[in-house]
Every structure is written in C-alpha cells, then in structure tokens.
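Below: one structure, written as structure tokens.
No hydrogens, no waters, no symmetry mates; every other heavy atom, side chains included, goes into these values. Owing to the predicted nature of the structure, the values given are computational and were not obtained by experimental measurement. First the proteins, then the strands, lettered A, B, ... as listed; each starts at 1.
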Amino acid sequence: MSIPTHYNPENVEDKWYAYWMAHNYFHSEPDNREPYTIVIPPPNVTGVLHMGHMLNNTIQDVLIRRARMKGFNACWVPGTDHASIATEAKVVAKLKEEGIAKADLTREEFLEHAWEWTHKHGGIILEQLKKLGASCDWQRTKFTMDDDLSASVISVFIDLYKKGLIYRGYRMVNWDPEAKTTLSDEEVIHIEKNAKLYYVKYLIEGTEDYITIATTRPETILGDTAICVNPNDKRFAHLAGKKAIVPVANRSIPIIADDYVDIEFGTGCLKITPAHDQNDKEIGERHNLEVIDILNDDATLNAKGLHYEGQDRFVARKNIVKELESLDNLVKIEDYATKVGTSERTGAVIEPKISAQWFLKMKDLSQPALDAVLDNDVQLVPDKFKNTYRHWMENVRDWNISRQLWWGHQIPAYFYADGVNDFVIANSIEEALPLAQEKTGNSALKISDLRQESDVLDTWFSSWLWPISVFDGIRYPENKEINYYYPTNDLVTAPEILFFWVARMIIAGYEYRDEKPFKNVYLTGIVRDKQGRKMSKSLGNSPDPIELMKKYGADGVRVGMLLTSPAGNDLPFDMELCQQGRNFSNKIWNAFRLVKQWEVDDAIDQPESAKVAIDWYTAKFQEALEETEQSYDKYRLSEALMRIYKLIWDDFSSWFLEMVKPEYQKPIDAKTYAAVIAFFEENLKVLHPFMPFLTEEIWHLFKDRTPEEALIIEAYPKQEVYNENLLQEFDFASEVITNIRSIRKEKQISFKETINISVLKNDAAADTFTSVIKKLGNIETFSTVLEKVDKALSFRVQSVEYFIPVENAVNSEEEKAKLTDELKYIKGFLKSVQGKLSNERFVNNAPEQVIAIERQKEADALAKIKTIEESLGSL
RNA sequence: GGGCGGUUAGCUCAGCUGGCAGAGCACCUCGUUUACACCGAGGGGGUCGGGGGUUCGAACCCCUCAUUGCCCACCA
C-alpha cells in the first residue's frame, strides 16, 4: 500500500493555499450574483496572531467559504488597524531601548520611526492568517492609515463638525499619565483595589476647633479650594460662612454647603479639589471656586505641590500622610475597598484632569443605531447582548475623540490664537487660511500664523468607518463597490469591543449610508486556558498558533477551536480538542485509503445490501444536511460541525462503508463504487468550510481534475426531500445488529464465526435491511419462524423477538436471570405509563397526541412483557 | 450601587411553544477481523444548584435563597 496510514498536513496546506491564490478564488469583483461580504476586524498592525484571532478568523472563514460554495459572490476584506496608542507605545519602547527619547524627536522624526516599524511588522499577522487557511481577498487589503482611509476619516471629522456635533471643550477627562494622553470612558477599566480612607482634620479659622474630612487621596489636599457640607446637616450649621485652613499648605479656604454631600458617608464633610475630581469640579463651578491643578502630565506634583514638587503622586501620598501625622492633623486611617480607573492600554491609574479636548455629541447620532438592534435589523448573536447594548446606548455620553499622541490621524483644526475656540476646521492649512481670515476679520493673517492641532484622533474614530471606508464609500458614496457590497452580512468579533467598535460602526453606518453596516454580529467568547484564565502574553498560557498548526494541522486546530465554542460562550481551550480535530483528519484520510484501494469490476452484480445501504445513506445525508443548515441559520457552528463530524465518522464510516465493503481482496461492483465516491465527495463539500485543506487534497486524489476545478468553488449540496421511513427502519435494523454484537461479545463468539438467526413472525419486523443485518452480523441464515425457538439465545427489539440457536452455549439459568431483569425493567416502565393513563385528569387535560403516544407505549410494553413471560415459561 | 446572564454526566455544552434527560470528549470491558490503536465493538454514568409554588405532568413557567460570570456606575 503506497498511501501512508497517517494524514500528513504539512505539505498539503501550503500547496493548496498557493493553488487557491494562483487561481484567484478569494478575489471578488461586483457582478450579477448576490454578494456575501465580511469585513475583518482589523488586527493591530504590529500585532502577532493569538488564539483569539484564531477563533475569530476560523469562524469568518467557515462562513465565507460556505457562502462561496453556495454561489454567493463572497468577499472577505482583510486589513489592519494603526492602533494609535498601542502602536505608539511600542515604538516609544523600542526607541527607548535604542536610547532615544520621544521628547527629543520632532513629530516628523517620530512618525518616520513609526512608519518604519509598521512596514517591518505590519502584515506579519496577515501572513499568519494564511496558514490558518483564511480565504481573504488579499487584493483588497486595507490599512486604517492608507491615504484613502485617512482622507475618509478627515472628511467625516469635518462633516460632523459642520453638523455641530463635534466641539472643543475644557472638560474633565481621563488622563493616562503613562501614555500621557486622554482616554475615552470606554478605555478606562475599573479595578477593585484595597485602599485607605484617611481622616484629616482642618482647623477652622479664628477658632481652636477642627473639622474632619475623609479622603482616599490625601495628596490632593494641596489642591483643595473648599470644604463642603450638606446644607441640611445640623452638625455643621454653625460653620456656614466660616473658613478652614488647609493643613501643610496653610491656605485659607471657604466652608460651603452643597446638596451633593452625603450626610451619612464618612464624616459628612468633603474636601473640594476641583482640578482632580469630576464631582468636585462641578461643585466648584456652582460655587465659583478656584481651581488648583497640582499635577504634571506624568502625575508627579508640580510647583503647586509645594515641597512635594517632583514626587510621584503615590510617593507624595505616603509622605504627606507622614507630615499630616506629625502635624497632628491625621485622625485615623481605615481600610477601604474602592474601584480605581486604570488605562485599558497601559494599566496606569487614571488621573481625572481638566483639559481642552475634542468631543463628539453622541445622543442623537446613536438613536438609529439603538433602534436597529432593538428591532433586530442588526441581529446580535447571541441576542443576550441586546440588553447590554441597549443599556450602553441609552446612557451614552459624549465621546472624547482627541488623543495627545502623534501616531494617528491628526485633527484638521488650525489655530490662529490660543483660545479654546480660536480655530477653524479645514482639509488643509491652505484651505484654513481664508476661513481664519474671515473668522477673525483679519485679512493680514498668513499661513505661518496658523498652527495645526497637534492631537490625533482616537483609533476607533477611524475603525468605526471600516465597513464603509474599505469600499471608499465615505468619499464616494455612490461608487459601484459600496453600492454592491454594503451592507455587509456578518461581523465576527469579541464582545469586549461591542461599545468601542460595534456600536460605533452601526452609528456611522446610519449616519453615512443611512443603512446598517452588517446584518448579523457574531460575538465570540474569550479563549481561556484549562484553569479558566484568559489567555494572555503576560501569563504565558497562550499556545503559539503557528506551532499548534504545525503539530495538529490547520484543519485539526480549526476543528478543535470550533467543536466546543457556541457564540457568546468562552472557549476553554485544551490541546485535546486539537487532538480530536487531528484524529478526525486521520479518520477521513483512512476512509479515503479504504475506498481508494478497492478494485472495481464492471462484471459483478450489485449486492442487495449495497443497494439498500445507498438508499439509506442518501436519506441520512439529507437529514444531516437539513440539521446542519438549521444550525448554520442560528449561527450554531459548533453544532453544524458536530453533525458533520458524526455524519462522516459514524454514519458514513462506521455504517455505510461497512455495509458496502467488498469481501477481502474481492472487487466491488461499479454501481456501488460510483455511489461511494459520489457520497464521499458530498461529504467533502459540507466539510470543506471547516477543514479546507484536507478536503481539497482528498477531492483531488479521487480523480484527475482539470486545472480550473477545485473543491473550494464546487457547489454546496442542495437540500432535497428524503425518505424518513427508511431512516426509521434502519434504526430498527441497527438495533438488531447491536444486539447481535452484544451477544457475540457476551458469549465470546468470534466475529469470524458465522451464526444463524430467526425472527418470530411479527408485523413490526420490516425486512428492508435483512441483507444488511446478515452482512454486519455475519449471519449464515436468517429465517422467519412461527414459534419460539428452544435452546436459543434471544433478544427483543421493540416487540419483535429474535433467536440465535447456539450449541451448548445456552445456559438456562443465565438466560432466566437476563429475562427476569428485562421483565422487571419493562414492568416498571409499564407501571409509570399506566399510572398516567389511569389518572383521569391526565386523560382529560393532556392533548390527544400525547395520550396516543402513551397508549402506544402501553401496548408495546404489554406485547413485550408477553413475549418475555412466554420465553421464561419455556425455559 | 445598578443591570444582565449562567448553574443539566468527570469535562465542555445541547435540550425549540411544559409530555420517557441528550451529544462530544473522558472513563470501563473486550478486540493483533484484511482503512484507521490518531482504531473498532460493547458498556457504565445525572435528586437537571437548594427550597417553595402553578399544573394531570416542570430541566423548562412563577416566587425565593445560594452561587458564579459579565457589563455599567463621579459617593469622598
């Protein structure tokens, strides 16, 4: 035998990927067919493939391959995201290693480094996706900072500004002191931390009395500009209008009253630091308080921090606590569990900071996007995410879209002076000049008087346009491509970015196309390790996907990932799953080997067993196809895969091939052989979306194909009506076979030894599969009898009784015990059925159908009891 | 603090509008049968998180408790 017993994916995978590429099968152009479009969630351009990508992209590939085979014009658009903050952080780190500080570079110099880095690392991840088999239209590969996409981003900014939806404001924002940029609310992760609550007393000016406040951030005392109590708090009524002395700083600040203060919490007194807390800022605005910002951009204290200048905020906290203690201003310290905001990207503790930033008004923009999901115009899978989505959308706040970074889309605002609103918005500085001249009334203004905003836009401000901008539908809303491919069909992504990205894409879709960007959103779970921990680089618990594919084959890994991964459920990943996938590859490979080695003889007749086997598998395949389609419709890919897995492993290999298998070293008839090959090919087609490489390989090994032929573009099997009766009859027959095998095992009758069997004539015993029973049971004669057979082993399937006469093997005591057990069980069953049927309320209330089923069960049980009792009697 | 899920076999999960608890893997037994030991045949295994209730009948509907996960949130 020249075909190896184990499938070796190694050379196969690269070979077929190259073949598909060479024939341009992944490429799509608008035509008369119905489109089926998926845009990839663009991975970070400098990223490396991890298990999350594997899951995500396997799903997309399954969907797109199936659509392609079903005759849609399938288009999967790949690309990468510039990932402003993440990439900039990497470049900064890399420069630091080389001894270069970002601060020493000009913007242009830094961007040169960033582009160099991008060109070097960008695209690695896309190359890795090819190993997985991803059938992306690589000719359409996009990058969020390509010229056309950048132009789209800028034009959208200008448009939204003109619509009055973008404004610049002096607001309290989330400051990441490590990346030295602001973040949107969504980029802030709240983490539970054990903190301390410090009770600090402030001297009331002109008295010997003190007032005690509680704070978690004693270092901000240096920025205090008031003490605040609740106006209804009688305890502090006498302090109205008085002043307090800030410890350490020895400044005098007013004692004010505001409803915000909770009388019950802490001491009922609050220190007000408008520069470093959102609530304090609001209270400060109501009471016209001074704002003292004590922090630098890197969260060290500035000159306002007095002798703590230069110290990090946390160092200063420790030190100021010591000083307060020595000054006798510290009353006590309590443990306190609180949640602190941290940066999604750097992990740094977020500092609330007042600064001038750009915002997008979200309320009105988001309404159509909210409705679309609530009305299922955009379908979330699973739909439990609808609640989460609604909650977020109903409470959406203005989006801080500016970042104090260099890598990204620079905001097209041109300042002619230093005021918060001393700017004009334009496509270029040349276009900005006349606008600025007009706005200022100063026609002497020159280009050199203008200065472009140095901030860039939030990464998501470009990716929210992705499904439109990859087809250049922002700049050219009527272009052929966008009109053809939009709206796309499926978006496959992680729930983590439901708000960051998915919600905003829907918003942009309605704003710029007046139409949803995709029909379905498949939300994958998080890939976790066996212990349930999220797979991450820092934990080192994530296997290298490339290594995995080397070991188990890309197909094996794909199957492993999808076998147990319902939408929205986390995937507890285990190598065993890939092993199962690999084993499945091998099973199919060996089924192929078996069939391939058969010799065909035109001259011999088709046996009856093969004839019925073919009828049966025809129906079985259709049943499986129907079930598979239903699973696909519900996006239950794991179920679809499992059904195909069982179809091929159990139905096809264990049953069908065994039924048609010719005797050892004898040829197979041509008719049966043709059917076997045809079935095998149909199996390969339904499996292809899940295991593209293996199926393509075997499909080509069966026959010589023309250079234009490939499984990837074969037509997916069509659903047809099938004979359900035949399937039921077979289920009966297979139960007979199982019983025979059981008896063989029990009585240690070798399979090589033929046996005889008799069936007691009974209307329920159909004989369609008698030839199959004979073949798979290795039966010499199969006879019908009118009376029970003495001295025989017996078994019953439903109400039909079978006998196997075996010389000397019948031990009547054993038989008796066996029958008694069987009788006991069936009587118990009958009792419960009759219990129901004798319950008047059941008979009166239950639907007719249910009662009929119960009556049938009763009759069957009675018939079976009768045969068992007779057998017992005759023993 | 608010909201939303989950809790079914050792593990991962199905179980549609109430009507005999399922699958895959794992496990056990047997097997050098002429595709495959990455295999075959046969088999065991569940008080459906606890407690109430509705119903002829509850894994499924209602109440309640427990537990676990996720999302949101400016109480010092």
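The same atom, P, is picked in B:G43 and in B:G5; the two are 41 Å apart, to the nearest Å. B:C75 and B:U12 have their P atoms separated by 35 Å, with the value rounded to a whole Å. Separation of the C1' atoms belonging to B:G40 and B:U33 is 9 Å when rounded to the nearest angstrom. Going from the P atom of B:C25 to that of B:C38 covers 15 Å, rounded to whole Å. Distance check on atom C1': B:C48 versus B:A23 gives 16 Å, rounded to whole Å. Look at the C1' atom in both B:A14 and B:U8: the space between them is 10 Å, to the nearest Å. Between B:A58 and B:G53, the distance separating the two C1' atoms is 11 Å to the nearest Å. The separation of B:G19 from B:A59, taken at their P atoms, amounts to 9 Å, rounded to a whole angstrom.
Although no hydrogens or angles enter the test, the distance criterion places a donor-acceptor pair under 3.5 Å between the side chain of A:Ser585 and the main chain of A:Gly581. Between the side chain of A:Arg643 and the main chain of A:Glu627, no donor-acceptor pair closer than 3.5 Å is present. The closest donor-acceptor contact from the side chain of A:Ser638 to the backbone of A:Leu562 lies under 3.5 Å. In this structure, A:Asp277 contributes its side chain and A:Thr273 its backbone to no donor-acceptor pair below 3.5 Å. A donor-acceptor pair under 3.5 Å is formed between the side chain of A:Arg504 and the backbone N or O of A:Phe500.
Using a 4.0 Å cut-off, no side-chain N or O of A:Thr738 falls inside it from OP1 or OP2 of B:A41. For the pair A:Tyr645 and B:C25, the criterion of a side-chain N or O lying under 4.0 Å from OP1 or OP2 is met. Note on A:Arg741: every side-chain N or O is 4.0 Å or more away from OP1 and OP2 of B:G31. At the phosphate of B:A41, OP1 or OP2 sits under 4.0 Å from a side-chain N or O atom of A:Ser654.
Residues A:Ile283 and A:Cys228 approach most closely at CG2-SG, 4.4 Å, considering heavy atoms.
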> Given Watson-Crick or G-U pairs with both distances under 3.5 Å, what dot-bracket string fits RNA chain B, with | for other-strand pairs and [ ] for crossing?
Replying inline: (((((((..((((.....[..)))).(((((.......))))).....(((((..]....))))))))))))....
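Relative ring orientation between A:Tyr673 and A:Trp598 is described as perpendicular, the plane-to-plane angle rising above 60° on a 0-90° scale split at 30° and 60°. The aromatic rings of A:Tyr336 and A:Phe265 sit perpendicular, their planes meeting at an angle over 60°, well past the 30° parallel limit.
For A:Tyr7, the ring pair (Phe, Tyr, Trp, His ring centres under 6.0 Å) partners at least two apart in sequence or on another chain are A:Trp589. The ring pair (Phe, Tyr, Trp, His ring centres under 6.0 Å) test applied to A:Tyr199 returns no partner, not counting sequence neighbours. Residues that satisfy the salt bridge (Lys or Arg N to Asp or Glu O under 4.0 Å) test with A:Glu697, not counting sequence neighbours, are A:Lys15. By the ring pair (Phe, Tyr, Trp, His ring centres under 6.0 Å) test, A:Trp399 is found to be paired with A:Phe461, A:Trp464, residues two or more places apart in sequence or in another chain being considered. In this structure, A:Lys193 has no salt bridge (Lys or Arg N to Asp or Glu O under 4.0 Å) partners at least two apart in sequence or on a different chain. The ring pair (Phe, Tyr, Trp, His ring centres under 6.0 Å) search around A:Phe236 returns none, not counting sequence neighbours.
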Under 3.5 Å, which donor-acceptor pairs do the side chains of residues 568-576 of chain A form with other protein atoms, sequence neighbours left out?
residue	atom	partner	partner atom	Å
A:Asp570	OD1	A:Ile526	N	3.0
A:Asp570	OD2	A:Arg528	NE	2.5
A:Asp570	OD2	A:Arg528	NH2	3.1
A:Asp574	OD1	A:Glu576	N	3.1

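Going from atom CD of A:Glu735 over to atom P of B:G42 covers 12 Å, rounded to whole Å. For the pair A:Ile189 CD1 and B:C71 P, the interatomic distance rounds to 8 Å; values are reported in whole Å. Rounded to whole Å, the distance from CG on A:Leu657 to C1' on B:G40 is 14 Å. For A:Leu380 and B:C4, the CG to C1' distance is 14 Å, given to the nearest whole Å. Atom P of nucleotide B:G5 and atom CZ of A:Arg390 are separated by 10 Å, given to the nearest angstrom. Between the C1' atom of B:G57 and the CD atom of A:Glu840 lies a distance of 16 Å, rounded to the nearest Å. Distance, A:Arg643 CZ to B:G15 C1': 16 Å, rounded to whole Å. Here B:C4 presents its P atom at 19 Å from CG of A:Leu523, a figure rounded to the nearest Å.
The side chain of A:Asn387 sits closest to B:C4 out of B:C4, B:G19, B:C70.
Looking at which nucleotide of RNA chain B each of A:Met642 and A:Val843 is closest to, the 5′-most match is held by A:Met642.
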Nucleotide N/O of nucleotides 74-76 of chain B paired with protein N/O under 3.5 Å:
residue	atom	partner	partner atom	Å
B:C74	OP1	A:Arg397	NH1	3.3
B:C74	OP1	A:Arg397	NH2	3.3
B:C74	O2'	A:Asn279	ND2	2.8
B:C74	O2	A:Asn279	OD1	2.2
B:C74	O2	A:Asn279	ND2	2.9
B:C75	N3	A:Asp262	OD2	3.0
B:A76	OP1	A:Thr338	OG1	3.4
B:A76	OP2	A:Tyr336	OH	2.7
B:A76	O2'	A:Ala214	O	2.7
B:A76	N6	A:Asp262	O	2.6
B:A76	N6	A:Phe265	O	2.8
B:A76	N1	A:Asp262	N	3.2

Anything under 3.5 Å between a protein N or O and an N or O of nucleotides 27-30 of chain B, put it in a table, one pair a line.
residue	atom	partner	partner atom	Å
B:U29	O2	A:Lys745	NZ	2.4

Could you write out each protein N or O paired with an N or O of nucleotides 36-38 of chain B at a distance under 3.5 Å?
residue	atom	partner	partner atom	Å
B:C36	O4'	A:Asn590	OD1	3.0
B:C36	O2'	A:Asn590	ND2	3.4
B:C36	O2	A:Lys587	NZ	3.1
B:C36	N3	A:Lys587	NZ	2.8
B:C38	O4'	A:Asn583	OD1	2.9
B:C38	O2'	A:Asn586	OD1	3.4
B:C38	O2	A:Arg582	NE	3.0
B:C38	O2	A:Asn583	OD1	3.4

Show the distances under 3.5 angstrom between N or O atoms of the protein and N or O atoms of nucleotides 9-12 of chain B.
residue	atom	partner	partner atom	Å
B:U12	O2'	A:Thr564	OG1	2.3

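Here A:Phe679 and A:Phe652 keep their ring centres 6.0 angstrom or further from each other. Ring-centre distance between A:Phe702 and A:Phe592: below the 6.0 Å cut-off.
Between A:Glu351 and A:Arg313, at least one side-chain N (NZ, or NE/NH1/NH2) sits under 4.0 Å from a carboxylate O, which counts as a salt bridge.
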